[in-house]
Trainee: 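Structure incoming, see below.
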Amino acid sequence: MSEVVINLNEDQRFLIEDPNSDAVIMVDRVTILPVANQIIYSGYSFDVDYEKMDFTSRRKVQMLLNTKVEAVFGDDDEGGERDART
């Protein structure tokens, strides 16, 4: 399986809080790596000055998310339900 890259247009971009700092990340590209069970959010990080309500210090960043498959649900070829595989 190859990676899937989704470049977001202006209306699709979104903000994520950086869990390690007082920064937010504006995501402009999402990369899905199925083999590694990872999602990479790419974009720009902005430090937040909450007192002045201002964004500062723009820099290019990537945020890596590891995923875990909990269960797979589906129907068999006969149309009946199968049990979840975990």
Side-chain angles (χ1 to χ4, degrees):
M1 281 187 206
S2 61
E3 68 183 37
V4 177
V5 178
I6 304 164
N7 291 306
L8 305 176
N9 65 40
E10 191 174 311
D11 295 334
Q12 296 171 318
R13 294 177 187 153
F14 57 93
L15 295 174
I16 296 179
E17 290 184 57
D18 183 340
N20 301 317
S21 69
D22 287 334
V24 294
I25 299 169
M26 180 175 288
V27 177
D28 61 6
R29 184 176 66 216
V30 178
T31 305
I32 302 169
L33 303 169
V35 174
N37 290 327
Q38 295 177 334
I39 300 171
I40 301 171
Y41 292 142
S42 302
Y44 287 92
S45 174
F46 299 89
D47 290 330
V48 179
D49 183 335
Y50 287 102
E51 254 182 52
K52 295 180 182 178
M53 295 182 63
D54 194 17
F55 293 124
T56 60
S57 305
R58 182 180 98 148
R59 62 191 171 278
K60 189 81 171 156
V61 296
Q62 291 185 326
M63 178 185 280
L64 175 69
L65 303 172
N66 289 305
T67 63
K68 178 182 173 189
V69 176
E70 294 290 335
V72 177
F73 297 93
D75 295 332
D76 62 18
D77 291 342
E78 314 277 312
E81 288 189 23
R82 294 188 316 203
D83 292 333
R85 292 181 288 158
T86 57

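One-based numbering along the sequence shown.
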Trainee: Under the criterion side chain to side chain contact (heavy atoms under 4.5 Å, CB included), which of V5, T67, V4 is the partner of I32?
Mentor: V4
Trainee: Using a strict cut-off of less than 4.0 Å between a Lys/Arg side-chain nitrogen and an Asp/Glu carboxylate oxygen, indicate whether R59 and D47 qualify as a salt bridge.
Mentor: yes
Trainee: If you measure from CD1 on I39 to CD1 on I6, what distance do you get to the nearest 0.5 Å?
Mentor: 9.0 Å
Trainee: Can you see which heavy atom on G43 is nearest to which on D28, and at what distance?
Mentor: CA-OD1, 3.5 Å
Trainee: Run through the side-chain heavy atoms of Ile, Leu, Val, Met, Phe, Trp and Tyr, join any pair under 4.5 Å, and report what else lands in L33's cluster.
Mentor: I40, L64
Trainee: Mind running side chain to side chain contact (heavy atoms under 4.5 Å, CB included) on Y44 and V61 for me, showing each step along the way?
Mentor: CA-CA 6 Å; Y44 287 92; V61 296; over 6 Å; no
Trainee: Heavy atoms, side chains only, cut-off 4.5 Å: are T31 and R29 in contact?
Mentor: yes
Trainee: Would one find more than 12 heavy atoms of other residues, nucleotides or ligands at under 6.0 Å from atom CD of Q12?
Mentor: yes
Trainee: Under the rule for side-chain hydrogen bond (donor to acceptor under 3.5 Å, both in side chains), what residues qualify as partners of E3, not counting sequence neighbours?
Mentor: none
Trainee: Do R58 and F46 form a cation-pi contact, if we require the NZ or CZ to be under 6.0 Å from the six-membered ring centre and within 45 degrees of the ring's axis?
Mentor: no
Trainee: Is any side-chain heavy atom of M63 closer than 4.5 Å to a side-chain heavy atom of I16?
Mentor: yes
Trainee: Are F14 and L8 side-chain neighbours, meaning at least one heavy-atom pair lies under 4.5 Å?
Mentor: yes
Trainee: Any side-chain heavy atom of L15 within less than 4.5 Å of one from V27?
Mentor: no
Trainee: Considering residues, nucleotides and ligands other than K60, do more than 12 of their heavy atoms fall under 6.0 Å from its NZ?
Mentor: yes
Trainee: Distance-only criterion, 3.5 Å: show the donor-acceptor pairs between side-chain atoms of residues 19-26 and protein atoms not counting sequence neighbours.
Mentor:
residue	atom	partner	partner atom	Å
S21	OG	D18	OD2	3.2
S21	OG	A23	N	3.4

